[in-house]
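Working notes, structure below.
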Amino acid sequence: MGFDEIWQRQRAFFHTGITKSVAFRKTQLKTLGEVVTAHEAQMYEAVQKDLGKSEFETYATELSFIKNEVRYFIKNLSVLARPQEVKTNLVNQIAGSRVYYEPYGNTLVISPWNYPYQLSFVPVISALAAGNTVILKPSEVAPHTAKMIEELVNNNFPEGLFHVVSGGVEETTELLKLRFDKIFFTGSPAVGKIVYQAAAKHLTPVTLELGGKSPVIVARSANLKVAARRIVWGKFLNAGQSCVAPDYVYVHKEVKEIFLQELIKHIEKYRYEPGSANYSKIINRKNFDRILGLIEQDKVLYGGKHNIAELFIEPTIVSVSGWDEKVMQEEIFGPVLPVLTYSHLDEVFEVIRDNEKPLSAYLFTMDPKEKERFTTEISFGGGCINDTVMHLSNPDLPFGGVGNSGIGSYHGKYGFRTFSHQKAVMDKTTWGEPALKYPPYTASKMKWMKRLL
Ligand code: NAD
């Protein structure tokens, strides 16, 4: 079936009005939760083939997110979807005012390969919860999971409501020509710009979940053991192929040596061995070569070993003296951690401000003043103090970027709003209205208007 036909069917399905029912939406979400639970074993197998990701990591970083999001909406959707009463100002009396959360209609969700299940289904859950139809286009770069997602969805949902199409650049380009009512894209800033331009042709609202270089700052007062443990975990999870992974570390020069020792100690403790449950492989040869190209052997402080047959790159720490080095010129998206030093926080903030706004930022410190400066003086999508990555696992926090790292956010109620138009309606009585706003405009009306407005 052509994309146009699928899209037409979804339009017709939406116009039946069936998705306006909260009960219908909950049933679909429940089905999604059940389908995932019933196919866990096959889902593990597919992601193992694409990324060498273990069951432990797949559950912790993908399936649990899907299940929690489903649970969240089954519990909270009735309240979220209810029209919200707001105050009516004096000049509009006598009236009632409400915000209606209206589904946009037909939506397109485009996802990347690095957390293929989570980053496909979590946005879709918000879209369905808000009463939309969805065409989902997973990444062709993770072909086994893309096929798995296609089977799970296309065998279990009405195609007018939720349908998966497969393909790469050519197919996505075709899809983007259609007039969607909302597009939700997760991927690189470069492709984000292509999606944004395609959406502009139809003035389609977009949410862009992008990437970039996410900094970690390790201050002099930091608990270095905890910092090392949490940075190592966040960086080498999925072999560094996480959008919120720490990209590089700025450590205070006085604690650099102890911090490096702690980093190495933790890397060794966590046994990131090829083919083991503790470590993923690099997605493909292209990325493998790209990441290796970022490692200058004379800058390696730890690691650097690799193995083409297994697409394995060892956790690697490199020292960096300046931003002109290759490893500082692009998002690393792999298991290479550059370490830079600083003397004053101002220097680091200046660098962060000079670069594109990152998706995430992390600060390790015990100093309340530094915490305050971190949250107020630099812009980033979201982040943690004294941890990495975990902010995205709190459904009560919005998850998204800013500037070059994205537009909009989702998770929990933020996802619901992202996929809803907030329609404002004022309902007036036909009596009790002062004649003030109607001509003829007299001096006395002017006096009253100034008091009222
Ligand atoms: P990508 O931008 O290459 O691909 C994402 C999607 O866009 C895929 O489905 C792909 O088929 C499609 N696509 C690729 N090129 C296209 C083109 N020219 N025209 C139309 N569609 C196209 O990204 P990726 O390599 O899959 O993922 C890595 C990037 O995504 C990194 O920058 C990472 O930081 C970012 N990312 C962000 C988040 C987030 O939540 N903010 C999550 C994961 C990854």
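Counting convention: from 1, in listed order, for ligands and their atoms alike. Throughout, numbering of the chain's residues begins at 1 and tracks the sequence.
Of the charged side-chain nitrogens involved, none lies within less than 4.0 Å of a carboxylate oxygen, so that E268 and R271 do not count as a salt-bridged pair. A salt bridge links K53 with E62: at least one charged nitrogen is closer than 4.0 Å to a carboxylate oxygen. In summary, R353 and E350 do not engage in a salt bridge, as defined by a charged side-chain N under 4.0 Å from a carboxylate O. One finds a salt bridge joining R373 and E377 here, because a Lys/Arg side-chain nitrogen approaches an Asp/Glu carboxylate oxygen to under 4.0 Å. Salt bridge status for R9 with E159: present, with a side-chain N to carboxylate O gap under 4.0 Å.
Neither the backbone nor the side chain of V244 comes within 4.0 Å of ligand 1, counting heavy atoms alone. At a heavy-atom distance under 4.0 Å, no atom of V141 approaches ligand 1.
For P112, no nitrogen or oxygen atom sits less than 3.5 Å from a nitrogen or oxygen atom of ligand 1, counting backbone and side chain alike. Looking at ligand 1, you'll find an N or O of K137 within less than 3.5 Å of one of its N or O atoms. The N/O atoms of W113, backbone and side chain alike, include one that comes under 3.5 Å of an N/O atom in ligand 1.
For the pairing with F419, the ring pair (Phe, Tyr, Trp, His ring centres under 6.0 Å) check across Y410, Y414, Y104, F184 returns one residue only, F184. None of K423, Q84, H421 except one satisfies the side-chain hydrogen bond (donor to acceptor under 3.5 Å, both in side chains) rule with Y101; the exception is Q84.
Counting atoms of ligand 1 from 1 in the listed order, those under 4.0 Å from a heavy atom of I110 are 6 (C), 7 (O), 9 (O). Taking every non-hydrogen atom of E140 and a distance limit under 4.0 Å, the qualifying atoms of ligand 1 come out as 10 (C), 11 (O). Under a 4.0 Å criterion applied to the non-hydrogen atoms of G211, ligand 1 contributes the atoms 34 (O). The atoms of ligand 1 that sit less than 4.0 Å from any heavy atom of S111 are 6 (C), 8 (C), 9 (O). Interface atoms of ligand 1 facing T172, defined by a heavy-atom separation under 4.0 Å, are 20 (C), 21 (N). Less than 4.0 angstrom separates some heavy atom of T186 from each of these atoms of ligand 1: 5 (C), 37 (C), 38 (C), 39 (C), 40 (O), 42 (C), 43 (C). Of all atoms in ligand 1, listed by their number and element, those nearer than 4.0 Å to a heavy atom of I194 are 18 (N).
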Practice problem: Could you please spell out the steps behind the side chain to side chain donor-acceptor pair (under 3.5 Å) verdict for E347 and Y250? | Solution: CA-CA 10 Å; E347 296 162 35; Y250 263 105; over 6 Å; no
For residues 190-205, which side-chain N or O atoms pair as donor and acceptor with protein atoms under 3.5 Å away, sequence neighbours left out?
{"unit_1": "H202", "atom_1": "NE2", "unit_2": "K177", "atom_2": "O", "d": "3.0"}
{"unit_1": "T204", "atom_1": "OG1", "unit_2": "F180", "atom_2": "O", "d": "2.8"}

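For atom 17 (C) of ligand 1, the nearest non-hydrogen atom of the protein is V169 CG1, 3.7 Å. Given atom 41 (N) of ligand 1, the protein heavy atom at minimum distance is L210 O, 2.7 Å. In this structure, atom 32 (O) of ligand 1 lies nearest to the protein heavy atom E331 OE1, 2.8 Å. Of all protein heavy atoms, the one lying nearest to atom 23 (O) of ligand 1 is S188 N, 3.5 Å. Nearest non-hydrogen protein atom to atom 14 (C) of ligand 1 is V191 CG2, 3.8 Å. The single protein non-hydrogen atom nearest to atom 30 (O) of ligand 1 is G187 C, 2.9 Å, given as residue, atom name and distance.
The six-membered or imidazole ring of Y342 lies near that of H252, with a centre-to-centre distance under 6.0 Å.
Ring planes of Y272 and Y270: perpendicular class, angle over 60° (limits at 30 and 60°).
Residues meeting the side chain to side chain contact (heavy atoms under 4.5 Å, CB included) test with E45, sequence neighbours left out: K49.
For atom 4 (O) of ligand 1, the protein comes within 4.0 Å by no heavy atom at all.
The OG1 atom of T186 lies 9.0 Å from the CG atom of L208; values are rounded to the nearest 0.5 Å.
Not a single heavy atom of G406 sits under 4.0 Å from any atom of ligand 1. Note on ligand 1: L119 sits in its first shell, one or more heavy atoms being nearer than 4.0 Å. Using a 4.0 Å cutoff on heavy atoms, Y115 does not count as a contact of ligand 1.
Which of F185, F399, F333, Y410 comes nearest to atom 7 (O) of ligand 1 through a heavy atom is settled by distance: it is F185. Atom 44 (C) of ligand 1 has its nearest heavy-atom neighbour, among G382, C243, S120, in C243.
In this structure, a donor-acceptor pair under 3.5 Å is absent between the side chains of Y44 and Q48.
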